[in-house]
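In what follows, a structure is listed as structure tokens, so that the remarks can point back to it.
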Amino acid sequence: MKVDGRVERGEQTRRQILRRAAEIASVEGLEGLSIGRLATELEVSKSGVFAHFGSKEELQLSTVRAAAAIFAREVVEPVTEPPGVARVAALLDRWLAYSERRTFPGGCFFYAVQAEFDARPGRVRDAIAGYGREWNSYVRETVAAIPEVADPDQLTFELIAFLEMANAQSVLHDDPRAYERARVAVRNRLAQAAAAASTTRR
């Protein structure tokens, strides 16, 4: 039982470290992370933090994985609507809410760190790019389930662009109205896609 208690405390500490690391990275980037800083902020020993990760790169990779798990819980898992326009709208609205309420203080974690590593080959870049591809593919699959959509790749590109623009405008210009504009843009674009498909079938 004592061993189990130590393991559980260790896992709890690891989760706290990674949560704080993701918060810092969303504002300052993954290069802003350091074992010393996290130890100081969370009032744990440097050796204790180091024991969980062993290197800065492993800390960065673990932070990316932790952020992806939080993203999935906040954005993907709550969507229960059946396939169709309503499911796409709900999924994208969850993304906007995740950014708007600052699940991470810097807005979308992945938007914040992708520019930092987009031209830097390595394991961290590969991890960030991999989760980005998973999200894009998931949105595309959700869009493709709408029978009226003739070009799901194009529509997916446009819809994700609306989300990322809202995040960027809000973070950089402190413009909370960007999210409502994005919601309107998403609704209008989905309606246009359905209307165009209907016209083509006539």
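For the single chain, residues carry numbers from 1 onward in sequence order. The model shown is predicted, which means the values in this text are computed figures rather than measured ones.
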Side chains of residues 29-45: which donor-acceptor partners sit under 3.5 Å, not counting sequence neighbours?
from: E31; atom 1: OE2; to: Q60; atom 2: NE2; distance (Å): 3.3
from: E31; atom 1: OE2; to: R120; atom 2: NH2; distance (Å): 3.1
from: S34; atom 1: OG; to: R37; atom 2: N; distance (Å): 3.0
from: R37; atom 1: NE; to: E41; atom 2: OE2; distance (Å): 3.0
from: R37; atom 1: NH1; to: E28; atom 2: OE1; distance (Å): 2.7
from: R37; atom 1: NH1; to: E28; atom 2: OE2; distance (Å): 3.4
from: R37; atom 1: NH2; to: E28; atom 2: OE2; distance (Å): 3.1
from: T40; atom 1: OG1; to: G36; atom 2: O; distance (Å): 3.0
from: E41; atom 1: OE1; to: R20; atom 2: NE; distance (Å): 2.5
from: E41; atom 1: OE1; to: R20; atom 2: NH2; distance (Å): 3.0
from: S45; atom 1: OG; to: S47; atom 2: OG; distance (Å): 3.2
from: S45; atom 1: OG; to: G48; atom 2: N; distance (Å): 2.9

Can you give the donor-acceptor pairs under 3.5 Å from side chains of residues 80-92 to other protein atoms, not counting sequence neighbours?
from: R87; atom 1: NH1; to: E81; atom 2: O; distance (Å): 2.5
from: R87; atom 1: NH2; to: Y138; atom 2: OH; distance (Å): 3.2

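Among pairs with a residue in residues 157-174, those fulfilling salt bridge (charged side-chain N to carboxylate O under 4.0 Å, His left out) read E158-R189, at least two apart in sequence or across chains. For residues 59-80, the pairs satisfying salt bridge (charged side-chain N to carboxylate O under 4.0 Å, His left out) are E58-R65, E74-R101, with sequence neighbours left out.
One finds the CZ atom of F117 at 11.0 Å from the CG atom of D126 (value rounded to the nearest 0.5 Å). Separation of atoms OG (S62) and NE2 (H52) is listed at 10.5 Å; rounding is to 0.5 Å. Between Q12 atom CD and I17 atom CD1 the span is 11.0 Å, to the nearest 0.5 Å. Atoms CZ and CG, on F157 and D151 in that order, are 12.0 Å from each other to the nearest 0.5 Å. Note that CG of L190 and CD of E148 are 10.5 Å apart. Values are rounded to the nearest 0.5 Å.
Cluster membership check: I128 shares its hydrophobic cluster with I70, using side-chain heavy-atom separations under 4.5 Å among Ile, Leu, Val, Met, Phe, Trp and Tyr. Residues L163 and V171 do not share a hydrophobic cluster, clusters being chains of Ile/Leu/Val/Met/Phe/Trp/Tyr side chains in contact below 4.5 Å. Residues V113 and Y111 do not share a hydrophobic cluster, clusters being chains of Ile/Leu/Val/Met/Phe/Trp/Tyr side chains in contact below 4.5 Å.
Between F110 and W135, the ring center distance fails the sub-6.0 Å criterion.
When all heavy atoms are compared, the tightest approach of A22 to A67 is CB-CB, 4.5 Å. What you find for P176 and E100 is that their closest heavy atoms are O-OE2, 4.4 Å. Closest non-hydrogen pair, R125 versus A119, comes out as NE-N, 4.5 Å. Of all the heavy atoms in V27 and G106, the pair that sits closest is CG2-N, 3.7 Å. Scanning both residues, F50 and S55, for their nearest heavy atoms gives CE1-N, 4.2 Å. Residues C108 and N167 share a closest heavy-atom pair of N-OD1, 2.8 Å.
By the side chain to side chain contact (heavy atoms under 4.5 Å, CB included) test, A166 pairs with L96, A178, Y179, A182, sequence neighbours left out. Residues passing the side chain to side chain contact (heavy atoms under 4.5 Å, CB included) test with A127 are L61, V64, sequence neighbours excluded.
Counting non-hydrogen atoms of neighbouring residues, nucleotides and ligands closer than 6.0 angstrom, the CZ atom of R15 exceeds 12 such neighbours.
Taking the ring centre of F104 as origin, the terminal cationic atom of R19 falls inside the region bounded by 6.0 Å and 45° from the ring axis.
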